Amino acid sequence: MGLLALGTALDWPDAKTKAGQVRAWGIKQLLEIWNKAKGKERDAMLWGDEVEYLVVTYSKDDPKVLLSLRQADILAALASDKKLSTAGCNPVLPDGSQPLANDPPPVFHPEFGRFMLETTPGKPWGIEFKELLNVEPNMKLRRCIAKDHMLPNEFPITLTTFPRLGSPGVFTEPSYPVSGPKLRSQFVPDEIANPHIRFPTLAANIRSRRGRKVQVNVPVFRDENTPWPWKDPTVNYDLHQWPEDDDVRNGAAPDNFIHMDAMAFGMGSCCLQITFQAKNLNEGRQMYDQLSPLGPILLALTAATPIYKGFLADTDVRWNQISKAVDDRTPEELGEKPLKTSRWRIPKSRYASNSTYISEDSRLRPEYLDPNLVIDPEIKQQLLDGGMDDRLATHFAHLFIRDPIVIFNEDLEVLDLSKTDHFENIQSTNWQHMRFKPPPADNSIGWRVEFRPMEIQITDFENAAFSVFMVLITRAILSFDLNFYIPITRVDENMETAHKRDAVLNDKFWFRRNLFPAQRAARGGSGASSPAGSRTNSRPPSPIGPVEDEYRLMSVNEIINGTAYAGGSEGEDEFPGLIPLVESYLDSVNVDVTTRCQLATYLDLIRKRASGELWTAARWIRKVVAEHPEYKKDSVVSEEITKDLVGKVISIGEGGEAAKGVKGLEDLLGWFVR
Amino acid sequence: MDSLDHLKTWTAASAFGSSGQRAPLSACRSASQENGNIVSGGPSIIRKPGAYRSNLELTNSLRSNFVAAQEDYAAIAAADHNNNNHQTNGAANGAANGNGLHVDTERGGRPPAEVWTATEDGALFVPRIDWSQAGLQEEPAQYDITVKLFFLETEAVAKRAQHAKEALDLVLRELDAPAVDLLIVSFPGMSFEGDCEWEADRKNATQGNDEEELAAWAAIEQLHLAGLAKKIGLAEFGTEKLDRFLKKVQVRPAVNQINIKNCCNVPPPLLKLAKEQSIELLAHSDCLDILPKGTLRELLGPGLGGAGILADPEKGTGGLQGDLAPQWVVKYTAVVRDRGVIENKGYFAGAELVEEA
């Protein structure tokens, strides 16, 4: 979440009338940054990770595990402690040194859910390979510091969602009645959201703009004893407090779906996000495009979300639930009614996979772009007039089809071009799976790209492994000039595929066959010794075949490990695999043996997750539920099952002996248990 | 090949170069993995199954460089003479679609050697290098330049000093840089292999030839003292060997690069020694036999897939006569500082043509 300004937040009917002004000012601010920063060069490769926790109350004696809503108190405790860096959490190596002792203390941030915490390292990471080894200890340090500022029975855990969020009965501490004025949810209280005015306003205005509550419906997992058709037994059809209570009577909760009705069900999910600083604008755009097709693959590989509202779902990841939880589209935009007051039909939620590519890369064929991309032509023209190139103008003109949701009255008095608040208002409420971030108004940092699809993993070892893997794959992309382009709509399809149960094991994803330059970089050029008609002109341009021939369906195992490792598909060509590419990269740079060993461990975890030797968290959680004596094979995840699951997750997250005692952990982590 | 006859007086300075603007992918995967085929991206990928060789990266990049240069310079020559006779039919397409070995020897599609090779200071460059294209995208200070020099078994020990200078000069010229950041030397007959880390370390102690290595090191020290290599290092030195070595050198190595199958099994004594002596232990995956015997002959020979520089006595085709003795290989890598991006990676190899009788 971005910076939290204070002020008077407008309710939707008022905000709606100011939307055009915010967009217009946002574009002016964007052009201001563009002109200031487009020539920015040679920024270092810096990167940062963001880890999010759920905070739960848990004790062995208490039959219930609950979400703690003490976010504000915990953050206050953290903020008042100036000596975070010297807390007892600092790891001490066998030789007595404390590698993190001189690092700036980590930073803790509020998140949408009042049961969540976000943490980032105190300073961005560089690309010194030894520094990559500090990521995991730093994540552990953050978890430890967070825990140190909680009550003894509170724990930060890295599950994507709380299994019984929104279940009947008590699931928060303290508990509040549902059906409040902001969310109007029949499952969660308004107090579930961070009380900062931005968050309830965001939720309320999304609902208001949409004209009804959000509908987050997830297919239920059908087990042996699951009644069929399945009707969500927790839906209350007799509530008459708010007009939106009619939603369920009007079919909002179809059979065989777990029904949820509030932003908290989506934005209350934890994820693992990585942001990279590019050396300049062009490299940023290249990274954005090349990482885009990797999004669904990493989503499937990090799958960790098999339970919603006390039921096993038939999907493994959080993505579409968040998408639905913040879907502010009107019936007209959704295509349910003819366009009258809305400006266009919009095929996707504000939270969705990327809809376009943004690089001016010559390898980007027009066929990769979506011909039906919705853009605001006037905004595009303003950006073109302001000097932006067509492709990037198209990207921002696409983001700017949205209305700003939260508008503070005070910000509308004077346009301040030394700020980017209006631009960020639209930009940061477009939650696509990649985000292209211009430098801040003071131009103090570079162009950045955020990789957003990954699910948070139970242990910091796994979170560090995936973070480091993403860092290394970007270095391989830039070093080897890898080309991952496929049509952007195929990336959308892959995003859907990633939701399937055990997609890593059973499903195939569209992926580019040949990642390498079709023709080597021109060696010659018209050097002094070359005669007229330089060497670069000497060969015909390589023939370009149909786009459809450039990609094929591959398993995650093939994509990550390569066809040689995965066994490949009959009659299909070879694919090198992302991990072998990363290894090739590491083979070409100077890495000390200790670092290389640790990096190999991270790559090994990912290799085994992709091959199925080790399980995704989603698969592991399903097994914990299935094997629980309390489980009746009816898809219900009871309070007792939840308590035992969370108990295991706490132990695993703590690591060491606590983790080793957890039965079945070898499926998740194999010999990596530490 | 008449015009090349005078090169029969080839000297030891004979060098032929190969450089890649883009980093080719790495080679030395274990033999059980077929993805040895991924080495050097783009046109030099060899699709033929079973073509695995442990040093594919070097041989592939040499081979594809030859093919590309033949095509490029043939086309230039053709344009020059307004004469299509020299054009290589189909070869350009062949390279573009990933089968870079379509030079058809039977049809005589290969351009004459003088078109695509060059002689400088008594050395034949295969292919010729357009030095006007040398250099890195940004100024040299932006890069970490690592050079690894492999002294080969077939090289006369006495010539190592001279070769080291020549090899480094070539790299500096190619990168248009005043110095490299790290120069690592690798001696023949050394390895770090064994059933366990202790055994590997023990075996290593008796490998190589200390005296010869010290002698060569003195030359490397000179390059360092001359400011051409900011740091210098070794490869494949185990605990005992390194300990002996350190006692006799003027300039101590800053780096010891080791290739062990499982880099988590570094012998603890070596870790200890390296730490005490402030020597950085770097991991690598280069082949111990970087340029196996016969490889060069095959690459430059008249056969299918060869570059046709060497004569074919059986068919009586023209070309250089004699036996080719590889001397050294140098690998260079330029990584952009603070960004971890490999911008340039390539090889040069040096060989001597020994006239028969």
Side-chain angles (χ1 to χ4, degrees), chain A residues 42 44-45 126-129 279 471 475 478-482 514-525 527-535 537-540 542-543 562-565 573-574 576-577 580-581 583-598 600-601, chain B residues 19-23 25-29 33-35 37-38 41-45 64-65 68-69 71-73 75-76 79-80 92-93 95-98 130-133 138 142 144 146 182 255 258 260 262-264 266 271 280-285 333 335-336 338-343 345:
Chain A
R42 291 192 190 179
M45 156 61 179
I127 186 60
E128 281 294 313
F129 294 103
K279 76 167 175 182
V471 171
R475 299 305 96 187
L478 295 174
S479 294
F480 302 136
D481 214 10
L482 300 179
N514 184 6
L515 310 179
F516 303 111
Q519 205 173 328
R520 72 176 190 291
R523 211 163 33 91
S529 63
S530 295
S534 77
R535 274 190 273 163
N537 297 333
S538 65
R539 33 181 70 222
S542 55
T563 46
Y565 184 95
D573 38 37
E574 291 177 8
L581 287 168
E583 286 175 334
S584 290
Y585 167 77
L586 288 173
D587 286 346
S588 299
V589 291
N590 294 330
V591 188
D592 71 272
V593 289
T594 313
T595 304
R596 186 70 165 85
C597 167
Q598 182 63 34
T601 311
Chain B
S19 64
Q21 290 300 319
R22 270 291 158 193
L25 297 175
S26 161
C28 269
R29 293 267 153 262
Q33 283 187 32
E34 286 172 42
N35 62 9
N37 277 354
I38 69 168
S44 63
I45 289 177
S64 65
N65 212 25
E71 290 166 10
D72 289 350
Y73 286 103
I76 292 167
D80 265 1
N93 286 343
N97 68 18
D130 181 356
W131 295 107
S132 70
Q133 297 293 316
E138 298 171 18
Q142 296 289 324
D144 261 321
T146 299
L182 175 62
V255 160
I258 52 179
I260 34 182
N262 181 350
C263 58
C264 302
V266 185
L271 277 175
E280 204 176 9
L281 288 180
L282 296 183
H284 79 82
S285 61
T333 319
V335 177
V336 188
D338 299 331
R339 293 211 290 274
V341 175
I342 309 163
E343 185 187 295
K345 177 177 174 181

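Being a predicted model, the structure only gives us computed values, none of them experimental. Quick note on labels: first sequence line is chain A, next is B, and so on, each numbered from 1.
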So how far is it from I342(B) CD1 to D481(A) CG, rounded to the nearest 0.5 Å?
12.0 Å

Closest approach of S588(A) and K345(B), non-hydrogen atoms and distance?
OG-NZ, 2.7 Å

Which atoms form the tightest heavy-atom contact between D592(A) and E280(B), and what is the distance?
CB-OE2, 4.3 Å

Within-4.5 Å side-chain heavy-atom neighbours: N590(A) and D144(B)
no

Nearest non-hydrogen partners of Q142(B) and R42(A), listed with the distance
NE2-NH1, 3.2 Å

Within the 4.5 Å heavy-atom criterion, are R475(A) and V341(B) side-chain neighbours or not?
yes

Shortest non-hydrogen contact from G340(B) to S479(A)?
O-OG, 4.0 Å

Quick one, V589(A) and T333(B) - any side-chain contact, counting heavy atoms below 4.5 Å?
no

